[in-house]
Structures are given as structure tokens and as C-alpha cells.
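Both counts, for ligands and for their atoms, begin at 1 and track the order of listing. Hydrogens, waters and symmetry mates play no part in the numbers below; they use all other heavy atoms, side chains included.
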Amino acid sequence: MELYNLSIYEARTAIDKDEISPVELTEAVFKRIEDVEQTVKAYVTLTKEHALKQAKEAESLAKAGVKKPLLGIPIAIKDNMCTEGIKTTCSSKILKNFIPPYESTVTQKLKEQGYILIGKTNLDEFAMGSSTENSAFGHTRNPWDISRIPGGSSGGSAAAVSAGECIAALGSDTGGSIRQPAALCGVVGLKPTYGRVSRYGLVAFASSLDQIGPITKNVRDSAMLLNIISGHDMYDSTSAPIAVPDFTSVLGRDIKKMKIGVPKEYFIEGMDKEVEASVRIAIRKIESLGAIPVEISLPHTGHAVAVYYILATSEASSNLARYDGVKYGFRAEGKDLLDMYMKTRAGGFGAEVKRRIILGTYALSSGYYEAYYKKAQQVRTLIKQDFEKAFETVDVIVTPTSPTPAFKAGEKTEDPLQMYLSDIFTISVNLAGVPAISIPCGFTSNNLPIGLQIIGKHFDEESIFKAAYAYEQATDWHKRKPKL
Ligand code: GLN
């Protein structure tokens, strides 16, 4: 196998047995990038020099017998997580030259385990989008069909993992931004429970929904990375002071008698027929492994997209108020302070970000607050209760990750509502704060990947991993690679 196609676990084993070296592996990944990045455009910034230096250090440590889970493993980071001394742009003109003076907690944790930073991946500006077309620095393409989008907003990370331009990556997920691109690129993406992973150093979009998680080539790697990035952090008051289990310890356990909820609201009119068929077959496969499918109802699902686009935009309007041209980032000159603010924000933000700031400001303004923001918060509680009720009878819930496979570039850019509907199956999970994974479960007739979503209870990523791993071991969708 090509070195760039190795999983974390395979690369770890090979390095530990001295079959390959961190430098060799890192060079193989950069060679791959040289060959395919022109086509895929997954990265905003590549950190080759820095990576090779880290790889040499990892090599001497490995030679000296040092053992760390990520020692010498090349990983890509979505460009909305701060990396000290390395540009972090959020794919926005307003942060085009922003070099963070500090490190995010997640990347600090990866550093402590010896990872090699390959580069920062492209995203929809400030993580607002589902196609990675809302980037100020060009569109990322789907490695399975370069006329199509990779999903978003973590499209750069998902495409990079799928194309072998890194061994694994981190993404962030506010309404589906890890799971939807993972599904559309044929890789594994996990959104942890809200509070499982520190958001310190993640550039905020909607703080009550944002969560960082792994995008990987298989379920084992996902569990390994989650082990490393999880845990309470005094720098993030919303991170939970809850013990982190070893998520890999449940891999390989049987799923006999596990109750799998299948919500009827997730098999809707208008969803792609091939997606529906693949997901139904996947459910039968899971059943054949001994699990028991149970039809359930999540009755408030139909309100999730509306609720999300009120709450997420409201939080965004507040979070993005800080980009004013004064402290950091892009600044336009103006005749006075107000004029400078206005020109900076008008020139620095792209169209989708402005649309959201306007929507969110409106929803929070006096006279509308009660009708929109407050009402949306109330319905959010109902959505959360739907899950609590369902989890009284089932262990996990399975659904399609996305209603369609990857769509054509440009197909939905003129119609924001169509774009928003791409996340119809992922958004409720963020509103409820529960964890969910997307794993490959098939391909369409034109060879586009399809994703299966498995949702768990709060802080029960273990059941998700157990079910996902059992399914993955019984199938080989995750082994297919795009031809580039
Ligand atoms: N596509 C959704 C949005 O545009 C979700 C994005 C995300 O999860 N960051 O808001």
C-alpha cells in the first residue's frame, strides 16, 4: 500500500516496528500533495518546512525508544483552529494574515502526543456553509468527482483525508460540518458530545453548538484521536469535567441485542433514492450482526433547520462583532471610526457571513427577540427532549448523514435555502448536544460515497464506536479510494 493511504493505527504500528520512519511518511504525504493538491485544493496553508523539521525530531525520539500515539503522524487541521505562529484564516479575507499568538487546546494536545502538522485546511468562511464554496481562497473539490463539492464546512479536511493528503484531520461541526463532508468524501467523521472537547482556540461561530472532532480513514482512528483531544479544560468553561474513557476499548465488542433506533422522520420525500436504499441495506446489515432495529419518532425534527438558522446566526452575529479592524485582521481606512468599522466589515466578510450577521442581528433585536430567538430556544428544548425520550428505549439511532450525495459545484450557491437543507439530518444532533458519527455505507451508481449517521446519548460515544466498528468490520466501503 502507498504510505499516504495508511491509517493512524497502521502508520503507528509500522513506525513502532521500524518498518517506516516519520520522515519517510511525511515525505510520502507531501509527494502526494504535490501530485494531487492542484486538483483537490484542500489546503489554505501548507507547513512543509515545519513538518519536515518535526518529522526529523520525531524520528530521533522514535529511535530513542520514545512511544507516543501520534509520534510522527502527519495530520491536517481545519483553518479555524489557532496554531501559534502559523496563519489561521477561517478562509476569510478578514483574517487573511492573522497569525495567532497562542495554540488551541486540541492542537496543543496533538503536539504533546508528537503529531506532525501538515497544513491548515480550507473551509466555508467561518465554517458557514455546506460545500466549501464560501471560502475566500477558492473552492475545494471532491476527490471522487472533481466537478462536485466535498461538502462543508470542513470540506478541506475531509477531502485531504480522502485523497491521502494527510493521515487524519480535525474538523469542527456546528450543524454537520464534520459529518456531512465526511459522508460526501467517503471517510469517517465524528462530532463528539457538546463539552467533550475543549473549544479553546477554535474561532467561534455559534458557541452553543460548535464542537471539534476527528475526520479519519476508519473508526479505530476516530476513537484514537478522540482519546487524545477530549477532556476538561480550564480555558473552556463549557468543557465538561467528566472522565474520558479509552474509546478504543469497545472496538470489537459484539452488538448483539443492541437496540438501534430508526427515526421515521429521517426517511423523507425528496431524499436521494440511492442514499435511502444504501442506508436501509446498512440497517439490515447491522441487524444481521445481532442488533435489534426499532422504529422510533423524533417528532420535532421538521423544525430543526429553522431553529438552527435562528440560533446559529444569532450567536454568529454576536461572535463576529469582534472583527472591527481595530485589534487584528483586515482593516480598511475610513474618514472616522464608524466609517472604518463599516468599510472593514463590508470589505472583509463574504456574502454568506454578511447574510448571517444580518439575520442574527435581526433575530436578536428588540421587538423580534421574543418571536424568533426565544421561540427558537424553546423549540430547541423540545428537540433535545425528543432524543432523551428516544434514548429511553434505544442505545443508538441510525439515519442517513446527508439527503443527497455530493452535488455539483455551483449547483446551490445561488439558493441559500437549498444549501441550508443539506444539513437537515445533522443539525438536530448539534441542537441536542449529543454525539454522532458518519461512516461510509455505500456508493451511488456514479461512484459517489454515501454516509450512515450513528447518533448516541450524551457522553456515550462508546456505543457509537461499538456499533460503527462492528458495521465497518463487516463491510469494506471504507477501503475504497478515489482515483485521482
Ligand atoms: N452547513 C451548516 C451551516 O452552514 C453547518 C456548518 C457547520 O457545521 N459549521 O451553518
Legend entry - Close side-chain approach of Leu448 to Arg148, heavy-atom, < 4.5 Å: yes
Inset, instruction - May I ask you to check whether Tyr266 and Phe425 place their ring centres under 6.0 Å from each other? - result: yes
Inset, instruction - Non-hydrogen atoms closer than 4.0 Å to ligand 1: which protein residues do they belong to? List them by chain and number, please. - result: Ala127, Met128, Gly129, Ser130, Ser153, Asp173, Thr174, Gly175, Gly176, Ser177, Phe205, Tyr308, Tyr309, Arg356, Asp423
Side-chain polar contacts of residues 180-192 - donor-acceptor pairs under 3.5 angstrom, sequence neighbours left out - could you list them?
{"residue": "Gln180", "atom": "OE1", "partner": "Gly152", "partner atom": "N", "Å": "2.8"}
{"residue": "Gln180", "atom": "NE2", "partner": "Ser130", "partner atom": "O", "Å": "3.1"}
{"residue": "Lys191", "atom": "NZ", "partner": "Val434", "partner atom": "O", "Å": "3.1"}

Donor-acceptor contacts under 3.5 Å from residues 305-314 side chains, at least two apart:
{"residue": "Thr313", "atom": "OG1", "partner": "Tyr309", "partner atom": "O", "Å": "2.6"}
{"residue": "Thr313", "atom": "OG1", "partner": "Ile310", "partner atom": "O", "Å": "3.1"}
{"residue": "Ser314", "atom": "OG", "partner": "Ile310", "partner atom": "O", "Å": "2.7"}

Legend entry - Qualifying ring pair (Phe, Tyr, Trp, His ring centres under 6.0 Å) pairs, either residue in residues 446-467, two or more places apart: Phe247-Phe465
Inset, instruction - In plain terms, say whether Lys375 and Glu370 are close enough for a salt bridge, that is, a side-chain N and a carboxylate O under 4.0 Å apart. - result: no
